[in-house]
J.: 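Before I ask anything, here is the structure I am working with.
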Amino acid sequence: ALQTYLHCQRQYYYQQVLAVPELEQTVAGEQAHELPASVTGSIVHRALELYNGYNAEAVFAVALEKFAPGAAATQAKSMFDAYIVSDLYKALPKKQKRELEFVQPLQQELAAEGVIDLLAFDEADNMIIVDYKTGTPPEPDEVKLGYAYQLALYKDAAEKLCPAELHFLQNMSVWQLPLDKSYLQEAVELCEEISGKGEEDDFACICNESCAYCHYAYLCPQKIKNR
């Protein structure tokens with residue numbers, strides 16, 4: 001959600017504050033039968049939550065039935081199948097806890113809440129936090145602040161005892177929180193900024209070429225005005 005806010009505050013407002021349903025753009029050509037990105041992500045996350053090392057087909061079918069019954073979901077199936085046989089997944093410790101909800105106090109009257117996809121424990125009971133991403137991975141050495149802030153908050157919620165990383169399922173890459181800087185205070189300050197806003201006009205609209213692909217373009221006054 002923090003990455004969404006940094007990308008476009010208005011999109012964050014519609015998605016996180018108002019919980020307005022997304023309206024997917026009509027896609028032509030080879031992607032015409034693909035599911036919306038948000039649905040693809042939900043299917044993959046649910047399948048990985050249920051997967052215990054066997055019955056992958058049955059597990060995926062359960063996830064598909066929950067979010068897109070009757071759909072082909074070829075992209076979601078491809079990412080799920082590739083990830084569970086990847087070296088990235090196989091390297092994870094077998095002792096795991098999944099889909100852990102947390103509320104982490106940050107400052108007076110301010111708290112962060114979220115869901116950690118996976119907590120894995122090695123033989124020495126050291127923990128590693130993993131969050132699955134089905135979107136486009138960052139470029140090598142690129143630091144997307146929204147991701148850095150997310151992992152900093154997750155790591156703080158886990159009592160600063162463990163490393164934290166994102167697993168990008170599009171290309172089986174891993175993105176780790178940089179160790180040369182603490183992002184926690186910046187994350188807290190961003191959360192404070194967000195918590196001080198309430199009305200639509202408080203959330204700036206970032207108008208650029210990506211607006212054409214925004215799921216909330218049908219609702220955004222700035223986009224409608226520019227038509």
Side-chain angles (χ1 to χ4, degrees), residues 1-47 63-64 66-69 71-80 112-115 117 131-139 142-154 166-171 173 175 183 186-187 189-227:
L2 294 181
Q3 185 63 32
T4 299
Y5 181 83
L6 293 173
H7 171 70
C8 180
Q9 296 179 23
R10 188 66 57 84
Q11 185 179 15
Y12 175 95
Y13 174 75
Y14 293 142
Q15 183 185 82
Q16 300 295 326
V17 180
L18 295 186
V20 175
E22 297 180 359
L23 180 64
E24 294 289 338
Q25 303 297 305
T26 300
V27 180
E30 295 181 358
Q31 298 180 345
H33 301 294
E34 288 293 347
L35 291 170
S38 58
V39 177
T40 295
S42 295
I43 293 171
V44 173
H45 276 75
R46 179 60 174 163
L64 182 61
K66 179 177 176 63
F67 293 104
T74 53
Q75 187 179 29
K77 185 68 163 61
S78 176
M79 282 192 284
F80 173 71
E113 62 180 53
V115 180
D117 290 338
D131 192 73
Y132 308 126
K133 298 295 184 187
T134 54
T136 304
E139 296 295 327
E142 178 186 8
V143 176
K144 287 196 172 182
L145 289 179
Y147 293 154
Y149 297 158
Q150 176 190 1
L151 290 185
L153 291 169
Y154 281 14
L166 305 177
H167 286 191
F168 283 89
L169 276 59
Q170 284 195 17
N171 64 353
S173 63
W175 190 89
Y183 290 90
E186 291 182 18
E189 291 172 358
L190 185 64
C191 290
E192 285 183 320
E193 176 185 319
I194 295 172
S195 69
K197 299 181 177 182
E199 303 299 325
E200 182 174 3
D201 288 343
D202 296 335
F203 294 84
C205 180
I206 309 301
C207 295
N208 53 36
E209 62 277 2
S210 66
C211 289
Y213 306 98
C214 179
H215 306 322
Y216 299 97
Y218 74 102
L219 186 62
C220 181
Q222 187 68 36
K223 178 63 183 296
I224 293 172
K225 185 177 69 175
N226 291 339
R227 286 177 179 172

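Keep in mind that this is a model prediction, so the values were computed, not measured.
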J.: Can you check whether Ile194 reaches Val17 side chain to side chain, under 4.5 Å on heavy atoms?
T.: no
J.: Any side-chain heavy atom of Leu153 within less than 4.5 Å of one from Cys191?
T.: yes
J.: Do you know the tightest heavy-atom contact between Leu166 and Lys133?
T.: CD2-CE, 3.8 Å
J.: Taking the side chain as every heavy atom from C-beta outward, state whether Leu190 and Tyr5 have any pair of such atoms under 4.5 Å apart.
T.: yes
J.: Can you name the closest pair of heavy atoms from Ala76 and Ile43 and give their distance?
T.: CB-CG2, 4.1 Å
J.: What are the two closest non-hydrogen atoms of Gln9 and Ala204, and how far apart are they?
T.: OE1-N, 3.1 Å
J.: Taking only residues two or more places apart in sequence, or in another chain, which ones meet Phe67 in a ring-ring contact (aromatic ring centres under 6.0 Å, His included)?
T.: none
J.: Find the distance between CG (Leu219) and CD (Gln11) and round it off to the nearest 0.5 Å.
T.: 11.5 Å
J.: Counting only heavy atoms from other residues, nucleotides and ligands, does the tally under 6.0 Å from CD of Glu142 exceed 12?
T.: yes
J.: Rounded to the nearest 0.5 Å, how far does CG of Asp117 lie from OH of Tyr132?
T.: 6.0 Å
J.: What closest approach, in Å, do Met79 and Leu169 show between heavy atoms, and which atom pair accounts for it?
T.: CG-O, 3.6 Å
J.: Leu6 and Gly146: which non-hydrogen atoms are nearest, and at how many Å?
T.: CD1-N, 3.4 Å
J.: So how far is it from Phe80 CZ to Thr134 OG1, rounded to the nearest 0.5 Å?
T.: 13.5 Å
J.: Between the main-chain N or O of Thr74 and the side-chain N or O of Ser78, is there a donor-acceptor pair closer than 3.5 Å?
T.: no
J.: Could you go through the side chain to side chain contact (heavy atoms under 4.5 Å, CB included) check for Arg10 and Tyr216 one step at a time?
T.: CA-CA 9 Å; Arg10 188 66 57 84; Tyr216 299 97; over 6 Å; no
J.: To the nearest 0.5 Å, how far apart are CD in Gln75 and CG in Leu35?
T.: 8.5 Å
J.: Please lay out, stage by stage, how Asp202 and Glu199 fare under the test side chain to side chain contact (heavy atoms under 4.5 Å, CB included).
T.: CA-CA 5 Å; Asp202 296 335; Glu199 303 299 325; 3.7 Å; yes
J.: Tell me every residue that passes salt bridge (charged side-chain N to carboxylate O under 4.0 Å, His left out) with Glu193, counting only those two or more places apart in sequence or in another chain.
T.: Lys197
J.: I'd like to know whether the aromatic ring centres of Tyr147 and Phe168 sit less than 6.0 Å apart in this structure.
T.: yes
J.: Taking all non-hydrogen atoms of both residues into account, name the closest pair between Gly198 and Phe203 and its distance.
T.: N-CE1, 4.2 Å
J.: Between Glu200 and Tyr14, does any side-chain donor sit less than 3.5 Å from a side-chain acceptor?
T.: yes
J.: Do Asp131 and Gln150 touch side chain to side chain, with heavy atoms closer than 4.5 Å?
T.: yes
J.: If we only count heavy atoms from C-beta on, is the Cys220 to Cys205 side-chain gap below 4.5 Å?
T.: yes
J.: To the nearest 0.5 Å, what is the distance between CG on Leu145 and CD on Glu186?
T.: 6.5 Å
